[in-house]
There are 4 protein chains.
Amino acid sequence: MSDRSASAVSSARAPRRRPGGRTARGGAAVLTATLELLAEGGYAAMTVEEVAERAGVHKTTVYRRWGSREGLVAAALAAQGSANVPVPDTGTLRDDLIAVATSVARNLESPLGRALAQTIVGQADDPQIQQVADEFWQGRFADTAEVVARAINRGELPQGSDARQLVELSVAPVWFRSVVTRRPVDAAWIRTVVDAALAVAGPQDVHTTTAQG
Amino acid sequence: MSDRSASAVSSARAPRRRPGGRTARGGAAVLTATLELLAEGGYAAMTVEEVAERAGVHKTTVYRRWGSREGLVAAALAAQGSANVPVPDTGTLRDDLIAVATSVARNLESPLGRALAQTIVGQADDPQIQQVADEFWQGRFADTAEVVARAINRGELPQGSDARQLVELSVAPVWFRSVVTRRPVDAAWIRTVVDAALAVAGPQDVHTTTAQG
Amino acid sequence: MSDRSASAVSSARAPRRRPGGRTARGGAAVLTATLELLAEGGYAAMTVEEVAERAGVHKTTVYRRWGSREGLVAAALAAQGSANVPVPDTGTLRDDLIAVATSVARNLESPLGRALAQTIVGQADDPQIQQVADEFWQGRFADTAEVVARAINRGELPQGSDARQLVELSVAPVWFRSVVTRRPVDAAWIRTVVDAALAVAGPQDVHTTTAQG
Amino acid sequence: MSDRSASAVSSARAPRRRPGGRTARGGAAVLTATLELLAEGGYAAMTVEEVAERAGVHKTTVYRRWGSREGLVAAALAAQGSANVPVPDTGTLRDDLIAVATSVARNLESPLGRALAQTIVGQADDPQIQQVADEFWQGRFADTAEVVARAINRGELPQGSDARQLVELSVAPVWFRSVVTRRPVDAAWIRTVVDAALAVAGPQDVHTTTAQG
DNA sequence: GACTAAACGAGACGGTACGTCGAGTCTTTGT
DNA sequence: ACAAAGACTCGACGTACCGTCTCGTTTAGTC
């Protein structure tokens, strides 16, 4: 459906095109440097000047193209957010959801993932950041809806099951623990979370099987 | 980010005229002003200078007592966080959890609540903020554990039920929706969330029992 | 990270109160540095940043105290302009005027004098510069009026003689040559200029007397 | 110094639409725009970009042809300076000189005249500006020398009279007042100035003779 | 009731970063 | 072959806020 280019972040540390660098190439270096700095010290530690220096570009160039610090961050976020996360296909809904939640947990454990998460939440008042965040979630939920669609096809879930709710309930506690309360997320807990989500998915039946009577 | 308004004087908060008065009163005015500014424009818009002015205090005084911007915010957060939220007692666990989650949702809908949430998440890398956040969560989970304790006493839950898990699963989706994806939280959804949490609380039977009864 | 160009030249002028220097002393060093730079390369070459560096002061300090580049220049101009030039007293009006004109010529030959002259003229549209210039001229004409007053006392000039006109006509051509057409000013020419000024000073009598005799 | 107004479009000067238009008619539009901007806000307010926009030409074109801001200004100055001012011929030297001085005064009262004067003085350190200024003065003095030549022919002045000195003494005070001290120039004062100049031109008698006749 | 130490008011300063302006250069594209 | 378009480097501007420091004054706690 949505073919987002899966271009890697390429942590290749900026080639350092110092003086004559007629970069222009697209400014990918700038976005990379931005993400790099976010990963290193979070939003507060990311300065436009440092980004420019790392990208081998002049400060004014950054401002010309991205308008402001927020614009730059938003662009970097968008670039990173559109990097498609593969949707798992294990054969069962439960394992798929566990895989999704685990993937989220892993991501939030990485410095970059954590930094982006904090930025999305902490700078949510900025309209540009907000818009990128909205698009990000829309994309993520659209992607993961496939997991649920397959489950419906397999008969694991009734026709009208709410895909978003299922995924939201599976992922929310992971974000909460990892980003809000900052406590470790382990596999067992993820399983519990997914089971809870499944418990209210569709009209009970699928999960308990016997509650129908 | 660039609003000056030198006059300010704000909402009549600070008596401003403290000729002989030994301020010291505890600096409550400073913390109040801090929260006020956080509520108004979030963490980014809160400046020590503006806080000092609103509190009718000099900037250096703020630094003398709270050390830094983060220290000040941490203190304000602590002051606000320790304001005990009443633990509900409706008679049933489900309604208690719904009440707790609803209370959280209401709080996160308020400008101040939202600002504090964003601060806690966005500035989580700062040790002082982090500590306050840790204490806050510890307190909140301790408080709400009572709800579960009562349920156990009533026989709604088996002895060894995990109070924290129950509350966490009830509250996490609310935070996620409200703070992370920024979508509205309605009562029906809260009920679903709580039901999901209850579904994995204690050995299945409790749940099914409850559902049946 | 940010390599400061080690130019620093600074002809041993600034005490270089680097780190703990709670300068405040009055910022004379800043004004001195300003004049220095003006002398070196004129108005265009004078940057606030360079001034600050030479004065061993931070850029923001300069802006705090003088508001802007123009304000700084105006202050430096005022400081320099108020340095009283001694009014000559040779015994005769003609020699006094020659002395005044010669002094002006010498000043305009110096790099600093030339730079200030060019600044006064070239930046005349700036209100701050303008005001300083006005005060400067007022002061200069007031000072030199004494020369004329003495001449009146000596009977060289009638009572109501126009001091300003006399001085103006003596000095204007010097400025014109030196600053406007940029040609050298020699003593013989100064004598001619002063004679021309004297020729129209007072109600003819002095001149006509001379012409008659 | 900080007025933006990106729209501008100015006083309908530039045709703006030069689709096939090859090689600008000779760049007159550019020089006109330059003078226009100089007249409007002086040297400081004149930017190459604004000039280019008003002339309906691209910035790079300006740089190609005039090399730099100074080169452009020099060219504009030259274009304007070479516009011959008519040399008066009233019949008497005194009236001719008064006419010349008055013409200078009128010119210096106009925004453009004032701006050019300030530029010539303020940017005198730039070699290009300097050269244009030199040529300008050479031309002006050559032109006005005719006035003196005629006076000699009429017998108003002796053969070897110094034309340049006469004109210089007549004009210098006007420049001084108008450009340096920025005070108004009135007709009576101009007469005084010219009389002073005449007083030292040739052997005194000429002046008195003229006055008597 | 005077005396001292802590805390405060006031104000400037060093320092980092922001975002902006304009000069001048270079490359691509078109005519 | 020259010009339009547009992006880029570079140096500087002026501003905001952080956190520090100094000095003088106030006030509280103690003798």
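Quick caveat: nothing in here was measured; it's all calculated off a predicted structure. Within every chain, numbering begins at 1; the chains are lettered A, B, ... in the order of the sequence lines, protein sequences first and strands thereafter. When reading the values below, keep in mind they use all heavy atoms of this one structure, side chains included, and skip hydrogens, waters and symmetry mates.
As a whole-Å value, the separation of D:E53 CD from E:dG22 C1' is 14 Å. The distance between atom CG of D:L37 and atom P of E:dA23, rounded to the nearest whole Å, is 11 Å. When the C1' atom of F:dC8 is taken as reference, atom CD of D:E49 falls 13 Å away, rounded to whole Å. The CZ atom of A:R65 sits 15 Å away from the C1' atom of F:dT9 (whole-angstrom rounding). Whole-Å rounding puts the C:W66 CH2 to E:dA12 P distance at 12 Å. Atom CZ in A:R54 sits about 16 Å away from atom C1' in E:dA17, given to the nearest Å. The distance from atom CG of A:L72 to atom P of E:dT20 is 14 Å, rounded to the nearest whole Å. The nearest whole Å value for the distance from the CD atom in A:E50 to the P atom in E:dG19 is 16 Å.
OP1 or OP2 of E:dT20 has not a single side-chain nitrogen or oxygen of A:R64 nearer than 4.0 Å. Residue A:Y63 places at least one side-chain N or O under 4.0 Å from the OP1 or OP2 atom of E:dG19.
The base of F:dC10 sits with one of its N or O atoms less than 3.5 Å from a complementary donor or acceptor on the side chain of A:T60. One N or O donor and one acceptor, one from the side chain of B:H58 and one from the base of E:dA10, sit under 3.5 Å apart. For a distance-only test at 3.5 Å, the side chain of D:K59 fails to qualify as a donor-acceptor partner of the base of F:dG6.
Side-chain atoms of B:T34 and B:V48, non-hydrogen and from C-beta on, never get closer than 4.5 Å to each other. Taking 4.5 Å as the limit, every side-chain heavy atom of B:Y63 sits out of range of all side-chain heavy atoms of B:L72. The shortest side-chain heavy-atom distance between B:M46 and B:E50 does not fall under the 4.5 Å cut-off.
Projected onto DNA chain E by closest heavy-atom contact, C:T61 and D:G67 fall at different nucleotides, the more 5' of which corresponds to C:T61. Each of B:R69 and C:M46 was assigned the nucleotide of DNA chain F with the nearest heavy atom; the assignment lying further toward the 5' end belongs to C:M46. Between A:A45 and D:T47, the one whose closest nucleotide on DNA chain E sits nearer the 5' end is A:A45.
At distances below 3.5 Å, not a single donor-acceptor pair connects side-chain atoms of A:T61 with backbone N or O atoms of A:V57.
You'll find that the side chain of C:S68 is closest to F:dG14, out of F:dA3, F:dG14, E:dC18.
Cation-pi geometry between B:R69 and B:Y43 is satisfied (NZ or CZ under 6.0 Å from the ring centre, within 45° of the ring normal).
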